[in-house]
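What follows is a set of notes on a single structure, which appears directly below.
Keep in mind that the numbers below use all heavy atoms, side chains included, and drop hydrogens, waters and symmetry copies.
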Amino acid sequence: MLRFVRRMALISCSMALLLACVGALFVAALLQRGTAAAQPAPTRIVYGLTLLPSGFDPHINASSELGIPLRSVYDTLVYRDPNTKDFVPGLAERWEISPDGLTYTFYLKQGVRFHDGEVFDAFAVAKNLDRITAPETRSQKALFLLGPFERYIVPDANTIQLVLRAPFTPLLDGLAQVYLGMASPKALAEYDRDRYQLHQVGTGPYQMVDYIPGDYMLLRRNPAYTWGPSFYQKDNPAPVEEIEFRFFTDPATRAPALESGAAQIMGEIPALDAIAIARRPDLRLVTQAIPGLPLQFLLNTTQPPLDRGEVRRALLAATDRQGIVDAVFQQFSPVAYGPLSASSPFYEPRVRDFYPYNRDQAKKVLADLNYTDTDSDGVLDLNGQPLRLTMIVPSWGNAPAVAQKIQSQWREIGVELTLKQVPNLAGLLTATKEEYHLVAFNDFGVDPSLLNRFYLSDAPNNLSRVVNTNLDQWLRRATETLDPAERAALYTQIQALIMDQGLVLPIRDYVNLNGYSTIVDGLAFDAYGWFPLLPNLRYVGSGRLGN
Amino acid sequence: MSGWVARRIVTAGLTVWVAVSLAFIVLRLLPGDAISAQLALSGATEGQIAERRAALGLDEPPLTQYLTMIGGLLQGDLGWSLVTGRPVSQMIAEQVWPTVGLAAAALMVAVLVGIGLALGAVFGGPFVRPVAALITLILMASPIYWTGTLAIYLFSVALGWLPSAGSITDVRAWVLPVAVLGLSVAGGLSRVIGSELTHLRGADFVCTAYAKGLPRRVVAVRHVLRAGLGGAVTLITLQAGYLLGGAVVTETLFVRRGLGGVLLGAVNTQDYPVIQGLVVFNAIVYSVVTTFGDLVGAAIDPRLREPQA
């Protein structure tokens, strides 16, 4: 017995010793890193990200979040001007598009070097295209931005031609996005598919110094950078030397982090916190419109009673959008009126004339369709069938709060709305395989060809289940023509048709509420709305920095 | 002894197998799949999505997928993430130490505070006793999310003493998360240890100790506490599982890296291999820790030892 106790004690002690050793090693490692990090770093700030992206490789992964730091690590062949949204030179100083729209020729800037010293040229672009299109890369976004890309031709070191199988007008828009950023071929060769994201090398105004997944990413200013697009400030007197990105995934943690100085810039601040931030003298608020599709509910046109256009239109008129926006988003969001947000190119302002809030009108339309509350339960009936609808509501983006408002507004005209909440995108897509009447789903981007993924009759995300040959034809033509005037005319028709048919209930245009400390100035965003122009940030100092 | 060890290893293996099989079944019962969600906003056609699923073996029958997974596990291969494409073992290894560090530090706080509160509630004076009982009650009733938010507002925003978020290399950034997580466990521990102590207070050996003329402090710590701790050790090791779960919330709240972020991301993107990998990891940790707890418990309290063959 005694022997057993001794043995137990021995085992316990040795395990405890082992644990203590591991702990000590861990602490030692921490302290070592702590002293390394304690070296005085000139002008360093913390930038709060709001999502923990599953991956940070722009060629592979698809999240918007990755672009917030990486937009400044990479350059793209072309850029979009943040204000006009026109294409401006990036790594290509000029480009030509063949009249048939099948060949894009890019003349590259010379003297551009990657952060690792490698020269940027047409062969580097070719290596990037090879990587993005390789099946083993399993690209989640970049590959699809290239559309019907067939092959490239390198006539000389400073020229590259992209050849398409079919005309694809949104190609330049794709090439302006960080997902098609140009990475150093040397770094791509040195690290395999999975490890490159930890050692990314571009030509941009900031270089990646360190990236610990889930913890932080550190960028340092690239002093050699002179080849930036026109809207990058060339002679910034006080650029921020180092920017550390951290992940504030819980919305409730974002405002406290700004207020306590744990972060100096923070995106996606909840609306109520934004009001408090705007009032503080040491913090500022930037509301940034995000082009693309608004927060919207697509109406399933194949599911009775929404197969009747009159019912859909009555529901749109019965929705007090301003009331919803005021209650859920405070004063920060513009009300959305059409399938594109007002900050998108080719936005048609006349969509505002559709469906002004008019509850009595909605009631009258439903009454004219013989909807009456025959059993006095507060819900309208037609042929004994109550007017009950199901709405698929994602758990993110304030959709649940918006859905509840719609539910109570529609109850007043005798429509019963059941909310079906889904936890993630996979759940949402599965829910749309069953019966539903409305579903919240949207996307961001500058080029209105986004609409193709939602309204083409064979689009995977055609959740309003619309089949309209005019719409199909116009949407397809708008992504083939190079004539901006023709595109504008087509998108005007498209937006009018979508609203006239009542395919979508738009609620609000997305805005990103960014808070920042007054120790920095000049926070502005690119054409896509999500990505900050980091080289234009100025370090003013004398604020509350860290604890 | 060797028989005992063998039995423990078999039990641990069974635990891991049951846990991972349950995870496999439950994950397949959940609607949706990672790939169609991943490519939903990419502009990919249905055909391209199907191609991608096939490339990752997701179009195989569930039994084949299950056998592939078990085969991999037996070779120590946790598989590859569907979303990042990186080895699951690497993703876990990258994030494991911050979480283990947080859980271990919190456990220490929990044990110290829990025992202190239990002693106070049972052997304290007329003033200490109700206060200790009240604190125990409050700690038990407060969810981490609430205490954590409160702590951030008080110590980071209002007083500015401690950072609400920071690098794990910054010692000050450990204080709030460790305290919040540790205290949330301390309440439960205090309650259980306290009831054990109350139970023992009237035991014969305690009367004997008092009769010898030992002061109350000595009786409480050296006799009653030691006798009561044997059972408490088992409970403490059971908290390891809770701590790993609680660490997810704490990590999110205090913006720390760790397994919490990996788990949340994997759940949101239905990244089966990563979730399965984490289940296997947790099951192994649980088995190891409870075994260790049994050993320690037996060393402290002879009554917990198995009869020798």
Atom group of Glu251(B) that falls short of 4.5 Å from chain A, counting heavy atoms: neither
Tell me whether the centres of the aromatic rings in Phe441(A) and Phe454(A) are closer together than 6.0 Å. yes
Which region of Leu143(A), side chain (C-beta onward) or backbone (N, CA, C, O), has a non-hydrogen atom less than 4.5 Å from a non-hydrogen atom of chain B, or is it both or neither? side chain
Is the NZ or CZ atom of Arg172(B) positioned over Trp161(B)'s six-membered ring, under 6.0 angstrom from the centre and within 45° of the axis? no
What residues, two or more places apart in sequence or in another chain, satisfy side chain to side chain donor-acceptor pair (under 3.5 Å) together with Gln197(A)? none
Could you check which of Ala142(A), Pro213(A), Gly55(A) has the highest count of heavy-atom pairs closer than 4.5 Å to chain B? Pro213(A)
Checking Asn461(A) against chain B: side chain, backbone, both or neither under 4.5 Å from a heavy atom? side chain
Between Pro256(A) and chain B, with a heavy-atom cut-off of 4.5 Å, which part of the residue counts as in contact: side chain, backbone, both or neither? both
Under a 4.0 Å threshold between the charged nitrogen and the carboxylate oxygen, would Arg453(A) count as salt-bridged to Asp443(A)? yes
Please classify the contact between Arg86(B) and chain A as side chain, backbone, both or neither, with a heavy-atom cut-off of under 4.5 Å. both
Under a 4.5 Å cut-off applied to non-hydrogen side-chain atoms, are Tyr191(A) and Leu198(A) in contact? no
Does any heavy atom of chain B fall under 4.5 Å from the side chain of Leu49(A), the backbone, both, or neither of them? neither
For Ser457(A), is there any backbone N or O sitting under 3.5 Å from a side-chain donor or acceptor partner on Asn462(A)? yes
Are Asp215(A) and Arg246(A) within salt-bridge range, i.e. N to O under 4.0 Å? yes
For Val100(B), which atoms come within 4.5 Å of any heavy atom of chain A: side chain, backbone, both, or neither? neither
Between Leu253(B) and chain A, which part of the residue has a heavy atom less than 4.5 Å away: side chain, backbone, both or neither? both
Residue Thr252(B) versus chain A: region with a heavy atom under 4.5 Å: both
For the candidates Met91(B), Glu51(B), Arg256(B), Gln95(B), which exhibits the highest count of non-hydrogen atom pairs separated by less than 4.5 Å from chain A? Gln95(B)
Is Phe444(A) close to Leu450(A) at the side-chain level, that is, under 4.5 Å between some pair of heavy atoms? no
